[in-house]
Visitor: 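Starting off with a structure, shown below.
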Amino acid sequence: MIAEEQILADLTGPQREAVTHMEGPLLVLAGAGSGKTRVITRRIGYLISQGVDPSTIVAITFTNKAAAEMAQRVHQFLDSESGFGPAISTFHKFCVQLLRMYGKTIGLESNFTIFDTSDTGKLIKTACGDVGALPAGMTVGKVEGVISRAKSQMVRPDELSSKLDLPQYLVPALSRIYARYEDMLRENKALDFDDLLLKTLDLLNEPFARDAIHRRYQYLLVDEYQDTNRVQYLLAKGFSAHTRNFCATGDPDQSIYGWRGAEIGNILDFEKDFPDAKVVYLENNYRSTNHILNAADSLIKNNKQRKDKKLISVLGQGEKLKIHSCEDENDEARQVVELIRQAKLKGRAYSQIAVMCRVNSLFRTVEQTLRDNGIPYQLARGVSFFQRKEIRDLMSYLRVIANPADTVGLERIINMPTRGIGAQAQAVLKDYARTQGVIFYEAVLNADRIPSLGKSQVNVIRFAEMMERLRKTVANGVTMEELVRQTIDASSLRNYYQKRSEKDNRPDELSPVANLEEFVGTAQNYDREAPDGSLTDFIAQLSLVNDIDAVEDDSDRVVLLTMHAAKGLEFEQVVIIAVEEEILPHAMCLGNDNQIEEERRLLFVGITRAKRELHLCFSHHRSTRGSYRQNFPSRFLKEIDPQSVEGMDVSELTRPTRVSQFVISPRKSADTEAVTALPARPKCQYRPGQRVYHQKFGYGVIQEVYLSGTNYNASIQFNIAGLKKLVLGIAPLHIVQS
DNA sequence: CAAGCCATGGTTTTT
DNA sequence: CCATGGCTTG
Ligand SMILES: Nc1ncnc2c1ncn2[C@@H]1O[C@H](COP(=O)(O)OP(=O)(O)OP(=O)(O)O)[C@@H](O)[C@H]1O
């Protein structure tokens, strides 16, 4: 065991106070870079030094990467061979472990499959079809949104109308789809991401499981508490109900996942939940220089409904940040390359430079330009590998082997690669399954008894034999590497993609076959790291991989990542691109003040990742999905204290891009004369071709202006919202100057 | 039944 | 711009 002094070394008074707090609820409320994560890590060490059994400690982080880093740091606080260490993981992963262990008590088999959004999307689509035509104005995507919102707020299908603010006429269809969706999950023996949390909550309501979990875990620590959702909040309370040893850390200004149900209220109401909670504030920042902090602070001050925080850097003033005005995305990418070159000349490592933006798609040009200039980089998109078609195919085989009830997976692979089991044959199988009341896989196994399969019958039988052979292999015990190799060959996936690559004549590194090989490597890693793992566990690990988890720390490459993925990280130098209206804040968020505030927090998070040097870029033009468009600097740039900005005439940003609003008085324009010759009429400033900004619909171009009754109306093509007809005196419109 | 072609439409962030 | 789906042809 390590000496207490070492654990408490390099901590400020308040940090130490939090670290040495033993029993009872504790909240560490502090700004960016103030050492919250360090507090959690040291506190785990301190608890252990005070004789707490490490295996009774649970620490929840936001990402697997953060968990791995914390585990590594905590490792030094442990006796070399002292049994189990603390559980350090994300909410989702921790829940999966508990469900595998205790799921039986709530009727959950331990080989359940985790469905990702693409799987659940398929289910919801089918569910929509089953239920009949969708109500007007509803799309599958919107239904998905409603269901996911309902689940994260723990609203059941029959409670939609009372608990969710939905138009009444949509409710019957939606609750039927939702109920059907839940049934299908059960049929597939699958859980979606929300279920992982919800079912664990069920565990905590089941005496046997609850007691076992409570006996095992005595101390709970949750990092990034500001981004927990309702279910996670209830889980945290449930896990710690017996001891009330619950330590939460977070920063309300860094809450950026409201869009998927995170409730900032969890952290704001902590003291109400636990009136006896000890609250520690940290006011020193050890990460960034004062100019960077000041920029961040001046920005975030524009959010209403927040408590102001004091945060002082211990690193001095530092350099001012720079705002770069670029012509278009190519120019922007060139400037980024130039900044990286200069940094490299100054002796900065590539890996200490991050390029961030709001949406991954904006990295295309930057990536190309970095490649062209020989600058090494890595894109933080771990999931993209697992979303490749060939990898999803392979994973689907593994999923069905582990859980034959996984019909979504089975439907994907039954004719992939094509093996003569077409739509017709599949319909016959499905029909058989339905009439016999068995799962789809069972129908496949019974193919020899289904003559109506016709010519396909023999193909189905052969497929069934192949799958059963693989299943037997697993039952007899096999490494994941071996299983993956066998699956790739037995399924003919390798053959199929090999042939296709030959035809397409693509460069090798990106080829599907190479990806399949890489997946073998993934399996090898798993075998090495989890010698007594299982197929189910292997698949689950992969289902919970996160973008940022795949970023390699030990390679000297520039990191490209979204600001969401940057949560909790830090870099010497940060370059944020496309700080433009309709990108940041994103077009989808315009017109909703809460969402705009979250966008502001997002930029705040991006800015506060920088230790010493910060650059913000915007482009005047950008081509998005084919068309070349004019863009405007983000409103957020104007909010940053000019005192901390260098190198650019900040007034260029404050120069109004929007002409102030005017209203046509309906009375005065009350003539019936048709008005098509618009320029002649001084009463109406709007003309076809003008760019306008609408509070709700965002930016658009006026197509036509006409008089209707006593009002001028206009038809406006909005970039996002599409063509709308609006009454000019009433609609909240601004003219935008180009 | 397979494969390739064209039209359509949707269009963030992610556990 | 991209992915998906429907249609046609082999
Ligand atoms: N007392 C201290 N002395 C020196 N450095 C410290 C101290 N506390 C924290 N740091 C350093 O400050 C940096 C930020 O710490 P940490 O990541 O724990 O902050 P945080 O509050 O979790 O930040 P954020 O909320 O922005 O993710 C780290 O590099 C950490 O090592």
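In what follows, chains are A, B, ... by sequence order, proteins preceding strands, each numbered from 1. We use all heavy atoms of the structure for the numbers below, so side chains are in, but hydrogens, waters and symmetry mates are not.
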Visitor: Compare side-chain N and O positions of A:N415 against OP1 and OP2 of B:dA2 and report whether any pair is under 4.0 Å apart.
Guide: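 Result: yes.
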Visitor: What distance, rounded to whole Å, do you find between the two P atoms, one in C:dT4 and one in B:dT13?
Guide: 16 Å
Visitor: Looking at B:dT15, B:dC1, C:dC2, which one has an atom nearest to any side-chain atom of A:T90?
Guide: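 Of B:dT15, B:dC1, C:dC2, B:dT15 is nearest to the side chain of A:T90.
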Visitor: Is the ring of A:W259 stacked on the base of B:dT13, with centres less than 5.5 Å apart and planes under 30° off?
Guide: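 Taking the rule of under 5.5 Å and under 30°, the ring of A:W259 does stack on B:dT13.
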Visitor: Without decimals, in angstroms, what is the distance between A:E367 CD and C:dC1 C1'?
Guide: 16 Å
Visitor: In terms of the angle between their ring planes, are A:H621 and A:Y628 parallel, tilted or perpendicular, with boundaries placed at 30° and 60°?
Guide: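 Geometry flag for A:Y628 against A:H621: parallel rings.
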Visitor: Distance check: side-chain N/O of A:T418 vs OP1/OP2 of B:dA3, anything under 4.0 Å?
Guide: yes
Visitor: If you check every side-chain atom of A:A425, which of B:dC1, B:dT13, B:dA2 has the closest atom?
Guide: B:dC1
Visitor: Looking at A:E327, I'd like to know if its CD atom is crowded, meaning that more than 12 non-hydrogen atoms belonging to other residues, nucleotides or ligands lie closer than 6.0 Å.
Guide: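 Check passes, neighbour count above 12.
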Visitor: How close or far is atom C1' of B:dC1 from atom CD of A:Q426, stated in whole angstroms?
Guide: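 Roughly 11 Å, once rounded to whole Å.
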Visitor: OP1 or OP2 of B:dC1 sitting under 4.0 Å from any side-chain N/O of A:S456?
Guide: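 Yes, within the criterion.
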Visitor: How would you label the contact of A:Q424 with the nucleic acid (heavy atoms, under 4.0 Å): base, sugar-phosphate, or nothing?
Guide: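 Here A:Q424 touches the backbone only, sparing every base.
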Visitor: Could you tell me how far apart A:N459 (CG) and B:dA2 (C1') are, to the nearest whole angstrom?
Guide: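 After rounding, the gap between these two atoms is 13 Å.
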Visitor: Any side-chain donor-acceptor pair under 3.5 Å between A:N594 and A:E598?
Guide: no
Visitor: Evaluate whether the aromatic ring of A:H92 and the six-membered ring of the B:dT15 base sit under 5.5 Å apart, centre to centre, with an inclination under 30°.
Guide: no
Visitor: Need one value for A:T117: base, sugar-phosphate or nothing, where a base atom within 4.0 Å counts as base even if backbone is also close, heavy atoms only.
Guide: base
Visitor: So if I take every side-chain heavy atom of A:R358 and compare against B:dC1, C:dT4, B:dT13, which nucleotide ends up nearest?
Guide: B:dT13
Visitor: Which nucleotide, B:dT13, B:dC1, B:dT12, lies nearest any side-chain atom of A:N360?
Guide: B:dT13
Visitor: From the set C:dG5, B:dT12, B:dC1, return the single nucleotide nearest to any side-chain atom of A:K125.
Guide: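 Among the listed nucleotides, the one closest to the side chain of A:K125 is C:dG5.
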Visitor: Give the rounded distance in Å between these two atoms: CE of A:M416 and C1' of B:dC1.
Guide: 15 Å
Visitor: Just how far, in rounded Å, is P of B:dT14 from CD1 of A:I114?
Guide: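 Interatomic distance, CD1 of A:I114 to P of B:dT14: 19 Å.
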Visitor: What's the spacing between A:D593 CG and A:R600 CZ if we round to 0.5 Å?
Guide: 9.0 Å
Visitor: Sub-3.5 Å donor-acceptor pair from the side chain of A:S456 to the main-chain atoms of A:N459, do we have one?
Guide: no
Visitor: DNA chain B: A:G141 or A:F62, which has the more 5' nearest nucleotide?
Guide: A:G141
Visitor: Determine whether the aromatic ring centres of A:F62 and A:Y257 lie less than 6.0 Å apart.
Guide: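 That pair passes the under 6.0 Å test.
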Visitor: Could you tell me the separation between the CZ atom of A:F193 and the P atom of B:dT15, rounded to a whole number of Å?
Guide: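 A:F193 atom CZ is separated from B:dT15 atom P by 8 Å.
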Visitor: A:I256 CD1 to B:dT12 P: how many Å, rounded?
Guide: 18 Å
Visitor: Can you tell me the distance, in whole Å, between the CZ atom of A:R622 and the P atom of C:dC1?
Guide: 16 Å
Visitor: Taking the minimum atom-to-atom distance to the side chain of A:R364, which one of B:dT12, B:dC1, C:dC2 wins?
Guide: C:dC2
Visitor: The side chain of A:T562 is closest to which nucleotide in this list: B:dT13, B:dT15, B:dC1?
Guide: B:dT13
